[in-house]
Amino acid sequence: MAAGNRVRRERGARLMRVIDLITFLRGEVDYQYVPNKFPTSAGYPDKAAAVVIHPGRPVDEWTGKRQPSFQILVRGGPNGDADAEAKAYEIFDTLANRRDVNIGADSLSIITPVGSAPFYIGEDEIYRPIYSMNFNAVIRPAPQT
């Protein structure tokens with residue numbers, strides 16, 4: 001196939017954004033979600049989940065298929081290990097091997113977990129437990145016009 005036949009993304013086309021992923025998550029599992037990192041400001045809820053999108057695999061040059069990854073960090077209240085773990089499993093079980101969903105303007109064919117369970121990564125300076133889980137997604141290429 002000649003280089004001229006490669007798929008090109010339209011100028012200004014969107015990629016999955018963290019705010020779109022958070023909007024989707026809020027509709028699936030009730031919790032406080034924040035983009036990228038936990039706020040440090042006083043008065044912010046202890047119990048929250050930080051959502052981070054990672055680049056994942058490269059865009060397929062022939063089909064345009066994209067495969068981003070994302071991480072969800074679930075934080076509980078001080079010494080709230082059991083509650084944080086339960087919420088992490090609720091989110092994990094909701095997303096693991098989920099098929100045919102729309103997130104923002106993107107149509108995902110599947111969301112697959114990286115690993116078989118959320119894992120405890122430690123606690124912050126005021127003893128709030130944090131659990132991590134990672135996922136890969138496959139985004140269908142936009143139809144060519």
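All values reported here derive from a predicted model rather than from experimental measurement.
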For the student: nearest non-hydrogen atoms of [X] and [Y], plus distance:
X      : Y      : answer
Gly77  : Pro129 : O-CD, 3.2 Å
Phe92  : Ala117 : CZ-N, 3.6 Å
Met16  : Arg66  : N-NH1, 3.8 Å
Tyr33  : Tyr44  : O-OH, 4.5 Å
Tyr131 : Ala88  : CB-CB, 3.8 Å
Ser69  : Asn136 : OG-OD1, 2.7 Å

I'd like to know whether [atom1] of [X] has more than 12 heavy-atom contacts from other residues, nucleotides or ligands below 6.0 angstrom.
X      : atom1 : answer
Tyr127 : OH    : no
Arg57  : CZ    : no
Asp100 : CG    : yes

Supply the atom-to-atom distance [X] [atom1] to [Y] [atom2], rounded to the nearest 0.5 angstrom.
X      : Y      : atom1 : atom2 : result
Ile139 : Asp60  : CD1   : CG    : 13.5 Å
Ile111 : Ile103 : CD1   : CD1   : 4.5 Å
Asp46  : Asp124 : CG    : CG    : 8.0 Å
Arg17  : Thr23  : CZ    : OG1   : 8.5 Å
Met133 : Gln71  : CE    : CD    : 9.5 Å
Ile121 : Arg75  : CD1   : CZ    : 11.5 Å

Exercise for review: Keeping the roles fixed (side chain from Arg128, backbone from Gly76), state whether a donor-acceptor pair exists under 3.5 Å.
Suggested key: no
Review point. Donor-acceptor pair, Lys47 side chain versus Val74 backbone, under 3.5 Å?
Key: no
Same cluster or not: are [X] and [Y] linked, directly or through other Ile, Leu, Val, Met, Phe, Trp or Tyr residues, by side-chain heavy atoms under 4.5 angstrom apart?
X      : Y      : value
Phe119 : Phe38  : yes
Leu95  : Ile130 : no
Tyr31  : Ile22  : yes
Leu73  : Ile91  : no
Leu108 : Ile53  : yes

Point to revise | Beyond-backbone contact of Val52 with His54, side-chain heavy atoms, under 4.5 angstrom | key: yes
**Study point:** Minimum side-chain heavy-atom gap Tyr120-Glu123 below 4.5 Å
**Key:**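 Sidechains of Glu123 and Tyr120: in contact.
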Review point. Where do Leu25 and Ile72 land on the side chain to side chain contact (heavy atoms under 4.5 Å, CB included) test, with the steps shown first?
Key: CA-CA 10 Å; Leu25 289 167; Ile72 302 173; 3.9 Å; yes
Practice item. Would you please classify the geometry between the Phe70 ring and the Phe135 ring as parallel, tilted or perpendicular, with 30° and 60° separating the classes? Key: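 Geometry flag for Phe70 against Phe135: parallel rings.
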Point to revise | Option passing side-chain contact (heavy atoms from CB on, under 4.5 Å) with Thr112 (candidates Asn134, Val138, Asn97) | key: Asn97
Practice item. Kindly indicate, with the supporting measurements, whether the criterion side chain to side chain contact (heavy atoms under 4.5 Å, CB included) is fulfilled by Val29 and Lys87. Key: CA-CA 9 Å; Val29 178; Lys87 184 56 72 174; 4.0 Å; yes
